[in-house]
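Got a structure for you, written out below as structure tokens; questions coming shortly.
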Amino acid sequence: MAEFSESPKDRPSEISELPDESQNSVSDFDPCTMRKTKPGLKRLFLTLTVLFSFFLGSPFLLKSIEIYRSPLPFRDIDSLSDSVGSSPLLFPCHFQAIFVGFDNFDAYDLGISIKHEMKKLTKHPVCGTCSDSNYTLSVTVDSGSGCARNYNAESTFMWRCGAIGEFDLGGGGDDDGVDEFLGSVLGSCEGFRKVYSVVVVNRGGEVRAVVGKYRHAWIVGGVLEEGMNAVVARVAETFVKVFVNGGKEEGSIHGEFMPVGADGRIVLSFNLLNADPTDWIYGWDFQRIDEILLAPVIKALGPVANISVESQVLYHTPKSSFSYWDEKWDSYIFSTKDLPFFVNSNEWHLDTSIAAGGRSKILQFVVYIPSAKECPLLLQLPNGEISVTNAFISPMWGGVAVWNPPGCLRDSESKHPARHTISPQDLQEVFEIFMGQLRQLFGLKSDSLYVGASGTTNLLASERGFTEWELDVLSRQHTCFNLVSCATTLGSLSRLVQSLPRMIIMDEIGKQVKFSLEAAKLTRSNASLGIYDASAVSSRQARSLAEDAFFHPSIMSVSYYSFEHCFAVYSPFFLPVSMHVLLAAFREWRRYKQETAKYLAWKEKAKVAAS
Amino acid sequence: MAAVLRFLIAVLLFSSIATASLSQEEEEFSEELLLKPLADRKVLAHFHFESKAPPTRTYGHHHRLFPKALYQLVQKFRIREMELSFTQGRWNYERWGGFDPISSSNAKPPGVELWAVFDVPHDLVDASWKNLTHTLSGLFCASINFLESSTAYSAPDWGFQPFSGSLRYGSLPREAVCTENLTPWLKLLPCRDKAGLATLMDRPSIYRGFYHSQRLRLSSTEFGSTEVESGIALDQTLTVVLQPTTSHRASMTYSSDSVLQPSWSLSSIFGRKVSGRCVLANSSNVYVQVERGLMSELKILHAEDEGSGADNLTFEKTWNNPGFELSIAPNRVIKEVNILHDETSIVLYEYLIDNYSNSEPFDLGFTWKFPVVWSSPQAPLHASRFLMGSGNERGAIAISLKATEPSDGLWFADTIENSCMLRFNVFQVVPWYVRVYFHTLQVFVDGKPQSVTDFIERMRISPSEDKVSPGVMEMALKLPCCVKSVTLTLEFDKGFLHIDEYPPDANQGFDIPSAVISFPDFHASMHFLKDDSLNKSPLLSKFQERSPVLCYTEVLLVPLTTPDFSMPYNVITITCTVFALYFGSLLNVLRRRVGEEERFLKSKDSKKTGRLGQLLSKLFAKLRGKSWEPTQTQSASSSLISSKLIFKVILVAGIAAGWQYYSG
């Protein structure tokens, strides 16, 4: 039908205004190029009205088929990612150095030189440490009769003058006693702020440096024999490398691999694997271990993560790679390069936990009891030596310890092996290894020596596994890690949302993002105030909310309404109709232009004729 | 007096708790296998694994043998009892028996069946059930999570199990069962299939069988709802019915028409041998069960052979008799004690796997020597269910129950002689899209319609609610013993589903889960002589429990009207096209210049039409059977075949062809 009506008006000019021709008195009137009347505007007006009403209606249509998208604060997310990326999160720290037996030195000068040394050591501030701009350092020189302080020593962390004289520091080797004494002296004046102290006692004899279980260290001995600069360097190193950085070597597991689940939970899953129960069956008294050894550790780690413990005993679980017999060690040797093939994921059904929530982190700790065919089994280090602990860790997964049954003696040739229980001493050793592995998984040192540039420092181990200053380090790093991961998660979410313009976004996601950003903001303000625990808690909240938003079920489902779908639904109507409307408007416009030209031509002619 | 009594009861209770907790302070695991020749030349193999954990209150959270996953499951959802079964194939009640402990507790409906009793307040039961289905579906690699929706499960009151309120029941008849479900199930065993009886589970052999049912049952007393704390008990059973391969020797016929049953051995039916027990198991036994019917046939055979002086006792103790021969001497022969049938009784041959090892594997052979025909004990009624009616609008469900031959007469044992009544319960769940009209319930007794109230003692119905809950029917019926057959019919309308509620293969039809028929007065249990050694075997103590006789009917397949799933888009397209046509033509009419067109046509008539146009009009004229007029006066035909139009048509066809070519 459209075709019929279109064909005649392709050449409308040829036939226009035929009736007028007869009445025309002008002889050179050409009906093909001229007309005498003004062309009508009726049809042009009509088609243009239709066209414009279409244009005006399209916003309404788009509005009606619009998909609900909760407005996300893209700008805030970007600013968070930018600020986290550009400047690492730094905490204010408070240090104090107490010099006993340095009567000739000025506290102010000492303060300046220690600050200078510390500045040298913190060239590149790492996230979760202290910045050199917002720490305070107070220096006290205790001469027995009176104290000299540098000017910025605040009253909150005041050292009681002459307190050290009441106790013989470092005389014997009773580090624990000294530690407790210093803890009682320093702890009383600590207040709510966390102050890291180093007590330097000039007393002659061998120099010993010890870091205690609380937040202090002491250096005792003939420190002046090495010169004052060495003392200052050592104090600065203790502050920066031990108290701030946690005594980590470069290249150890980085803080970004914090083994804490997105919901701030860790499940420690302990597994006892009997490789071949036909040789021997070993059980353990895990209940006791849980109560005596693990409970204090879990309590200590409370601010960092919510930890739960579970255990199981598995049987028929061979390792997946082979060991070889070595005469020299009189045992089976498993070399380090084969370690990736030790864990046999086909047979070791370590499993995730039903009790744990969806996004908890599970750390597997495995005691592997080799079969009689490969007993005793020893792990060999790359340098040819035998591993002391006979254990290894896998970052973010957990640790494995090999435990060889005493004597590797098979109980006769009977078909029914007797049940044994690992003796409490052996089990304690194994769990000490696991404790070290847990410390390593958290990025701390597993041995008790810190070898720095200016000497060796003893680190006292806490019976809770983690000392107070280590927990401070962990909660600072944890805060930093959570904030970074929150920023990256929100950044990915905003990129995803922006790349899919037709995806439904629920209000709930918008709310979670908002709360997550608020928690992140709170973290930063808490961190700047130096409240570690509160900032760790709010950072955990920020991260878990960000993950909740990212893994929201409505994003996961395929409920987004693609452009192709929209096109397929609306094109059967709008494509043909818009063709008609556009063509009609175009033709009418063209015809009007032609006709106007004709009319003008005639007018011109008429004017010429008249004149 | 009352106070004294109460005190006595308290003391008794306390002492029972004390003894129970003292006697079971150790985790236990046992494995057992029961083999039974079936009347239709097949062999039943029933694996039974039992793990027990002492109560948490006294033993703690850490276990040596009990699977961690299930302990956590029980603790998290506070499960009092749970049963999950994966079944392929249908238990043949007529041939494989319907009145023994195995058929009443291990014959399960096809697909997945799950029921659980929770120890939580009533308003939290549904939430627990939903979480449990998701956990189980992850644990067993199955789509049990489809039972989460409230349309898929029901809360039976008394028709299924006597736990009111906290029981939930659901089944998925179409769930396919395969090794991915068996592997996680095996993972719960301490030895998995690395050692012990589970090594027999050669996947191709056990899935080749006629019936395969893998079951897991948990019962716990962790949450203090019962007086006696016995901890958590986990029963895992695998029941398979296998066809022994017939060797050439077996196919030879005997004097009569009867054919010798195929002989079998463990290695011939499973393709593997048992090389020792699982070292963690407290007991590891294999039993061969000989049914009562077979035993009595054999006795007759024996009597024929030996004359009348045969000694019954020695006969039953032998494993090498005229009927069959066992390749290995059993460690013990256990005979059922039956008050009613002192003549013949079930015999179990027991083998202890402790005595076998890798060098000396256990491979039991069962060789038939003489063709024997026997029948298995039957449930009082044989149930079958079918659909009636045709078309996609309405139909009817019929449950037909036929009395079986009262071969033993034993099922009248606990009824009074003159007013012998047979009681049974029917429990049926119907999905909401099968809209059952419960008022149309009709009862036909021996083919004659009868009043419903005469036979139905009790009935509980919860009608279905569209897209919310399924219809549940629980009925308790009472029949006189002389009745031969009963049929229950119910009419229904087929509902319409929303387009996105259809499953992927909607044209296959929709399944109605099996109905459960239970006989509360009949208990399938065996009785053995009180002997301490017998109590050690969990399988035999399971057999001694009084479990009500239960049978499942067939799954029904209801074809529903399925829409053309592209229909919405077709409707959109055609509506839009009609609108576009209307709109376009309206627009053209509005801007048409009628007078101008007429003048144009007039002037065109005077000119000659194009060559192509002439040719085409010639062709048209020929087709119409008229002689062609070189100059046409009719304007309509000339406009129809204008060259421009033809050009357009060709252009469109060309574009279409090109599109087809390049996009296809």
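Letters A, B, ... are given to chains in the order of the sequence lines, protein chains preceding strands, and every chain is numbered from 1.
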Discussion item. Does any backbone or side-chain atom of Ser311(A) lie under 4.5 Å from a heavy atom of chain B? Answer side chain, backbone, both or neither.
Written reply: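 Answer is both: backbone and side chain atoms of Ser311(A) are under 4.5 Å from chain B.
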
Worksheet item: Salt bridge between Glu588(A) and Arg593(B), side-chain N to carboxylate O under 4.0 Å?
Response: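 Yes.
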
Practice prompt. Below 4.5 Å from any heavy atom of chain A, which atoms of Thr573(B) appear? Answer side chain, backbone, both or neither.
Written response: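 Backbone plus side chain of Thr573(B), per the 4.5 Å heavy-atom cut-off to chain A.
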
Item to complete: Kindly check if the number of other-residue, nucleotide or ligand heavy atoms within 6.0 Å of NZ (Lys76(B)) is above 12?
Response: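 Correct, the count exceeds 12.
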
Worksheet item: Among Lys194(B), Gln72(B), His63(B), which residue forms the greatest number of heavy-atom pairs with chain A at distances under 4.5 Å?
Response: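 Heavy-atom pair counts peak at Gln72(B).
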
Discussion item. Quick check on Ser269(A) against chain B: is it the side chain, the backbone, both or neither that has a heavy atom closer than 4.5 Å?
Written reply: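 Side chain only.
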
Practice prompt. Can you tell which part of Asp285(A) gets under 4.5 Å to a heavy atom of chain B, answering side chain, backbone, both or neither?
Written response: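 Contact with chain B is absent: no heavy atom of Asp285(A) under 4.5 Å.
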
Discussion item. Below 4.5 Å, heavy-atom pairs only: which of Pro67(B), Cys576(B), Pro190(B) has the largest tally toward chain A?
Written reply: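 Counting heavy-atom pairs under 4.5 Å, the top option is Cys576(B).
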
Worksheet entry | Region of Tyr59(B) in contact with chain A, defined by heavy-atom distances below 4.5 Å |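 Only the backbone of Tyr59(B) comes within 4.5 Å of chain A.
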
Worksheet entry | Toward chain B, the part of His349(A) with a non-hydrogen atom under 4.5 Å |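 The side chain, not the backbone.
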
Fill in: Proximity breakdown for Leu587(B) and chain A, heavy-atom pairs closer than 4.5 Å
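It is the side chain, since no backbone atom gets that close.
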
Worksheet item: Can the ring centres of Phe54(A) and Phe583(B) be said to be less than 6.0 Å apart?
Response: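 Yes; Phe583(B) has its ring centre under 6.0 Å from that of Phe54(A).
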
Worksheet item: Has Phe565(B) got more than 12 heavy atoms of other residues, nucleotides or ligands less than 6.0 Å from its CZ?
Response: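 Yes, the 6.0 Å shell around CZ holds more than 12 heavy atoms from other groups.
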
Worksheet item: Is chain A contacted by the side chain of His62(B), its backbone, both, or neither, given a heavy-atom distance below 4.5 Å?
Response: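 Contact with chain A: backbone and side chain both.
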
Worksheet item: Taking the side chain as C-beta and beyond, is there a heavy-atom pair between Arg192(B) and Glu347(A) under 4.5 Å?
Response: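 Of all side-chain heavy-atom pairs linking Glu347(A) with Arg192(B), at least one is under 4.5 Å.
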
Discussion item. Contact between Lys42(A) and Arg591(B) at the side-chain level, heavy atoms closer than 4.5 Å - yes or no?
Written reply: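 In short, these two side chains do not touch, never coming nearer than 4.5 Å.
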
Fill in: Within 6.0 Å of NZ in Lys273(B), more than 12 heavy atoms from elsewhere
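Incorrect, the count does not exceed 12.
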
Item to complete: Sort Ile574(B) into side chain, backbone, both or neither according to what part of it lies under 4.5 angstrom from a heavy atom of chain A.
Response: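 Ile574(B) has no heavy atom closer than 4.5 Å to chain A.
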
Practice prompt. Return the option, out of Thr135(B), Leu280(B), Leu590(B), Leu581(B), with the maximum number of heavy-atom pairs under 4.5 Å with chain A.
Written response: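 Highest number of heavy-atom pairs under 4.5 Å: Leu280(B).
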
Worksheet item: Crowded around Phe45(A) CZ? As in, over 12 foreign heavy atoms under 6.0 Å?
Response: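 Counting neighbours around CZ of Phe45(A), 12 or fewer heavy atoms of other residues, nucleotides or ligands fall under 6.0 Å, so no.
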
Item to complete: Show your working on side-chain contact (heavy atoms from CB on, under 4.5 Å) between Asn588(B) and His580(A) and close with a plain yes or no.
Response: CA-CA 8 Å; Asn588(B) 278 326; His580(A) 279 300; 4.1 Å; yes

Discussion item. Using side-chain contact (heavy atoms from CB on, under 4.5 Å), reason through His61(B) and Glu310(A) one step at a time and then give a plain yes or no.
Written reply: CA-CA 8 Å; His61(B) 296 281; Glu310(A) 57 189 44; over 6 Å; no

Item to complete: Among the options Tyr569(B), Phe579(B), Tyr71(B), pick out the one with the most heavy-atom pairs lying under 4.5 Å from chain A.
Response: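 Ranked by contacts with chain A, first place is Tyr569(B).
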
Worksheet entry | Between Gly276(B), Gly138(B), Cys278(B), Ala580(B), the one whose heavy-atom pairs under 4.5 Å with chain A are most numerous |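 Heavy-atom pairs under 4.5 Å are most numerous for Ala580(B).
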
Worksheet entry | Side chain to side chain, Leu65(B) and Tyr315(A), heavy atoms closer than 4.5 Å |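 Yes, close enough: below the 4.5 Å cut-off.
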
